[in-house]
Visitor: 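What follows is a single structure, and I will ask about it in a moment.
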Amino acid sequence: MCGIVGYVGKQKAASIILEGLKRLEYRGYDSAGLCILQGGQLDVAKKAGRVEVLVKEAARHRFNGTTGIGHTRWATHGGVTDANAHPHISSDGKFALIHNGVIENYAQMKTFLAGKGYTFKSETDTEVLCNLIAYHYAKEPSDSNGTSRFLESVRKALEHVEGTYGIAVLCVDFPGEMVAAREASPLLLGVGDGEYIVASDASALINRTQNVVYLKDGELVYVTAAGFTITTLGQADVSPVVDRITWSIADAERGSHAHFMEKEIFEQPVALENTMRGRFSEDGSTANFGGLNLSAPELRQIDRFMFCACGSAWHACLVAEHLIERYARLPVEVDYASEFRYRNSPLDRNTLFFVMSQSGETIDTLAALREAKRKGYRVLAINNVVGSSIAREADGGVYQHVGPEIGVASTKAFTSQLLLGAMLALYIARLRDMSFNDGVQYVNALKGAPDLVRQALGQAAHIQAIAKRYARYADFLFLGRLSLFPIALEGALKLKEISYIHAEGYPAAEMKHGPIALISEKCPSVFFVPKGEIFNKIVSSMQEIKARKGKIIAIVTEGCELPAGLADEVIPIPDCHEAVLPIVATVPVQLLSYYIAVVLKCDVDKPRNLAKSVTVE
Ligand code: F6R
């Protein structure tokens with residue numbers, strides 16, 4: 001949430017920052033702004049609205065400077081106004097600040113600073129921090145102990161901050177220099193050819209460099225023309241580790257697709273191949289998960305799993321629960337990370353704790369990880385973004401390897417999480433009771449998932465036509481059972497978040513205990529109808545809806561015969577192994593939501609009120 005970019009180098013900073021902000025816009029799009037340090041002044045352009053509005057505003061300025069900062073905002077403190085847009089300038093005109101996070105004790109600081117004569121133009125916590133830096137700067141003697149007065153003022157101000165931040169700061173007295181710092185909000189430094197770029201994530205700088213330093217909590221980076229140094233809030237020196245980003249600029253671009261969401265839905269077969277690559281044993285009977293950092297004997301000691309996540313990742317955990325319990329015969333608990341962190345959930349020594357997060361920066365999931373670690377548990381992570389906070393703080397884990405996911409609604413990261421959950425179930429099951437032959441069959445089924453997803457994507461035109469007929473309905477139910485109940489939840493979430501249509505996901509048979517009251521010809525139901533033991537039960541639930549004039553869109557595995565006239569629309573999906581079914585069944589609901597949102601002319605990649613990577617509580 002909120003994207004920040006800062007540039008120090010030899011090129012004109014404004015265009016590089018604006019380019020970075022366009023790539024970071026999925027993190028927040030309430031307002032955008034930039035500040036260039038030039039001619040001994042901090043020149044600011046900022047506007048409520050999208051980055052494209054800022055681009056027009058910036059064109060009215062003569063931005064020539066080679067040092068600058070920019071921000072795209074997801075509003076927390078204060079409404080969506082020009083004044084609340086970042087960067088903020090201290091009331092003495094000396095500092096410019098951009099911030100991602102929340103300063104919890106800003107009200108006390110504001111009162112204190114107002115008493116010292118500092119004034120405020122916005123309602124934000126960020127402007128308070130900016131003035132606090134100015135206050136410490138005014139108190140500091142000139143550069144003391146060989147350290148920069150600029151750096152020390154930022155450090156002193158941060159010592160008083162309670163909350164979370166990724167910040168970048170400019171000081172009018174230090175042209176060509178920048179200080180950036182982080183605490184629980186992502187920040188990395190791109191090390192380019194004679195230039196440095198700080199950013200909330202790598203997509204903002206991938207067009208200029210693939211060499212990055214991931215900053216850790218409590219670290220500050222001081223960037224000058226001569227290079228950069230990293231220290232901690234406690235003034236310890238840090239030796240930087242420069243990592244190389246493995247994906248490229250093309251992965252972060254939309255290409256010929258109308259939306260990132262469309263691109264990412266259609267990338268799923270390749271994404272799944274990348275998630276699986278090199279992760280099956282040579283004998284083809286199990287998965288390889290070296291990154292868990294647990295030996296087979298240690299894993300055999302595990303007698304319970306706990307998963308924590310948010311949103312779509314939480315749905316993926318529910319599917320993992322189903323498969324681990326079914327195949328590995330071990331109890332699994334799944335909790336919302338935001339609930340777990342405030343509950344006192346009993347865990348025992350033999351519980352293996354997992355967090356699942358595409359971004360690896362979701363603050364609730366990160367906090368759940370920290371709480372579990374504080375209690376002494378080994379915490380493993382399923383995560384997509386290499387070098388993310390969750391990846392670094394977990395004791396081990398598995399990367400998803402699906403490349404950057406830019407569309408705010410998760411698609412390819414979700415199906416990859418489903419796949420890793422299925423692989424984990426296999427891995428644990430093979431350490432316990434699953435036979436070699438069953439393992440081989442399971443592995444072959446997983447290897448076939450990309451092709452089955454390709455087949456499911458082949459229904460796109462059919463689903464698009466259905467979307468046109470159903471886009472004007474105001475309420476939907478999504479109904480599924482067993483491993484497809486979480487996919488019903490996911491279908492409802494997708495529809496809600498990108499088309500703003502009210503939708504609920506429910507276990508199909510549970511529907512008659514309440515939600516059936518919603519059913520009329522005005523509320524269609526999307527049913528998942530897989531082959532197998534529950535087929536007849538699901539057909540009965542469909543009959544109950546039909547008897548109440550509810551329209552039915554049925555996602556049906558090939559080979560199943562529905563009673564004539566029961567479904568108004570049928571979307572076939574290929575028949576497949578139970579471990580693969582949730583992945584394949586997800587595709588039609590992604591496409592249905594996507595096409596409905598397109599019909600309704602919604603901003604698919606930037607749905608209202610949402611942002612990718614929720615780094616605030
Ligand atoms: C829904 C969606 C969100 C995320 C959730 C967790 O389409 O994208 O519900 O799944 O915010 O995000 P991560 O996986 O980054 O922790």
Side-chain angles (χ1 to χ4, degrees), residues 1-2 4 6 31 33 35 37 41-42 44 46 69 71 73-145 147-174 177-185 187 217-222 231-235 363 615-617:
M1 268 176 178
C2 294
I4 70 175
S31 62
C35 173
L37 176 47
Q41 283 192 337
L42 294 165
V44 176
K46 58 183 189 173
I69 53 179
H71 186 269
R73 178 171 186 244
W74 188 84
T76 56
H77 292 67
V80 178
T81 62
D82 291 354
N84 287 337
H86 300 211
H88 291 284
I89 305 291
S90 56
S91 62
D92 62 5
K94 283 202 176 290
F95 288 89
L97 175 67
I98 49 174
H99 169 218
N100 169 25
V102 174
I103 311 292
E104 287 164 4
N105 56 340
Y106 81 104
Q108 296 134 265
M109 291 193 223
K110 193 168 184 174
T111 310
F112 168 79
L113 289 165
K116 299 282 176 197
Y118 289 86
T119 57
F120 302 88
K121 291 184 176 148
S122 78
E123 305 152 285
T124 65
D125 50 345
T126 305
E127 191 184 14
V128 176
L129 176 57
C130 191
N131 276 314
L132 190 67
I133 294 169
Y135 166 78
H136 283 286
Y137 187 76
K139 273 196 4 179
E140 281 281 318
S142 52
D143 292 9
S144 52
N145 311 326
T147 58
S148 161
R149 184 181 170 201
F150 175 19
L151 174 64
E152 289 314 308
S153 311
V154 177
R155 195 195 310 274
K156 289 236 158 59
L158 292 179
E159 278 169 7
H160 295 92
V161 166
E162 288 165 23
T164 60
Y165 53 81
I167 57 167
V169 195
L170 301 180
C171 177
V172 82
D173 297 336
F174 292 80
E177 300 188 7
M178 176 172 53
V179 177
R182 73 160 272 176
E183 179 64 40
S185 293
L187 197 64
D217 283 351
E219 288 183 353
L220 299 94
V221 59
Y222 184 34
T231 51
T232 64
L233 269 184
Q235 306 207 18
I363 196 78
T615 54
V616 294
E617 249 198 87

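FYI, the numbering just counts along the sequence from 1.
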Visitor: Working note: V128 + F120, criterion side chain to side chain contact (heavy atoms under 4.5 Å, CB included); need CA distance, chi angles, decisive distance, verdict.
Guide: CA-CA 8 Å; V128 176; F120 302 88; 3.9 Å; yes

Visitor: Donor-acceptor pairs under 3.5 angstrom involving side-chain atoms of residues 96-105: please list them, not counting sequence neighbours.
Guide:
unit_1: H99; atom_1: ND1; unit_2: T126; atom_2: OG1; d: 2.8
unit_1: H99; atom_1: NE2; unit_2: T164; atom_2: O; d: 3.2
unit_1: N100; atom_1: OD1; unit_2: T615; atom_2: OG1; d: 3.3
unit_1: N100; atom_1: ND2; unit_2: M1; atom_2: O; d: 3.1
unit_1: N105; atom_1: OD1; unit_2: E162; atom_2: N; d: 3.0
unit_1: N105; atom_1: ND2; unit_2: H160; atom_2: O; d: 2.8

Visitor: Quick one: pull up CG in L132 and OH in Y106 and give me the separation to the nearest 0.5 Å.
Guide: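 Taking CG in L132 and OH in Y106, the distance rounds to 15.0 Å.
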
Visitor: Judged by atom type as modelled, is there a donor-acceptor pair below 3.5 Å linking the side chain of K121 to the main-chain atoms of A83?
Guide: no

Visitor: Can you run down the salt bridge (Lys or Arg N to Asp or Glu O under 4.0 Å) pairs that involve residues 86-100, sequence neighbours left out, and say none if there aren't any?
Guide: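 Sorted pair list: K94-D173.
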
Visitor: Which heavy atom of Y165 sits nearest a heavy atom of L233, and at what distance?
Guide: OH-CD1, 3.7 Å

Visitor: Kindly state each residue pair satisfying side chain to side chain donor-acceptor pair (under 3.5 Å) with at least one member in residues 74-84, sequence neighbours excluded.
Guide: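 Output for this query lists K47-D82, T81-N84, N84-E123.
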
Visitor: Do I133 and V179 come close enough that some side-chain heavy atom pair is under 4.5 Å?
Guide: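 No; the side chains remain at least 4.5 Å from each other.
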
Visitor: Nearest 0.5 Å please: distance from the CG atom of L151 over to the OH atom of Y137.
Guide: 12.0 Å

Visitor: For A168 versus M178, what's the shortest heavy-atom pair and its separation?
Guide: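 Looking at all heavy atoms of both residues, the shortest contact is CB-SD, 4.2 Å.
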
Visitor: Checking side chain to side chain contact (heavy atoms under 4.5 Å, CB included) for the pair R155/L220: CA distance, chi angles, key distance, verdict?
Guide: CA-CA 8 Å; R155 195 195 310 274; L220 299 94; 3.8 Å; yes

Visitor: What distance do N131 atom CG and T119 atom OG1 have between them, rounded to the nearest 0.5 Å?
Guide: 6.5 Å

Visitor: How long is the span from the OG1 atom in T232 to the CD atom in E219, to the nearest 0.5 Å?
Guide: 7.5 Å

Visitor: What class does the angle between the rings of H71 and H86 fall in, given that below 30° is parallel, 30 to 60° is tilted and above 60° is perpendicular?
Guide: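 H71 and H86: parallel rings.
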
Visitor: To the closest 0.5 Å, what do you measure between CD (E127) and OG (S90)?
Guide: 9.0 Å

Visitor: Going through the distances and angles, do F112 and Y118 end up as a side chain to side chain contact (heavy atoms under 4.5 Å, CB included)?
Guide: CA-CA 9 Å; F112 168 79; Y118 289 86; over 6 Å; no

Visitor: Looking only at non-hydrogen atoms, find the nearest pair between C35 and I89 and report the distance.
Guide: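 Looks like SG-CD1, 4.3 Å.
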
Visitor: Are the charged groups of R149 and E152 less than 4.0 angstrom apart, N to O?
Guide: no

Visitor: Can you give me the closest heavy-atom contact between L158 and A181, atom names plus distance?
Guide: CD1-CB, 3.6 Å

Visitor: Under the side chain to side chain contact (heavy atoms under 4.5 Å, CB included) criterion, do L37 and F174 qualify, and how do the steps go?
Guide: CA-CA 9 Å; L37 176 47; F174 292 80; 6.0 Å; no

Visitor: Please examine the side chains of I4 and I167, heavy atoms only from C-beta on, and report whether any two atoms are closer than 4.5 Å.
Guide: no

Visitor: Specify the closest pair of heavy atoms between A184 and I363, including all atoms of both residues, with the distance to one decimal.
Guide: O-CD1, 3.6 Å

Visitor: Hey, could you give me the NE2/CD distance between H136 and E159, rounded to the nearest 0.5 Å?
Guide: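 Atom-to-atom, H136:NE2 and E159:CD are 8.0 Å apart.
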
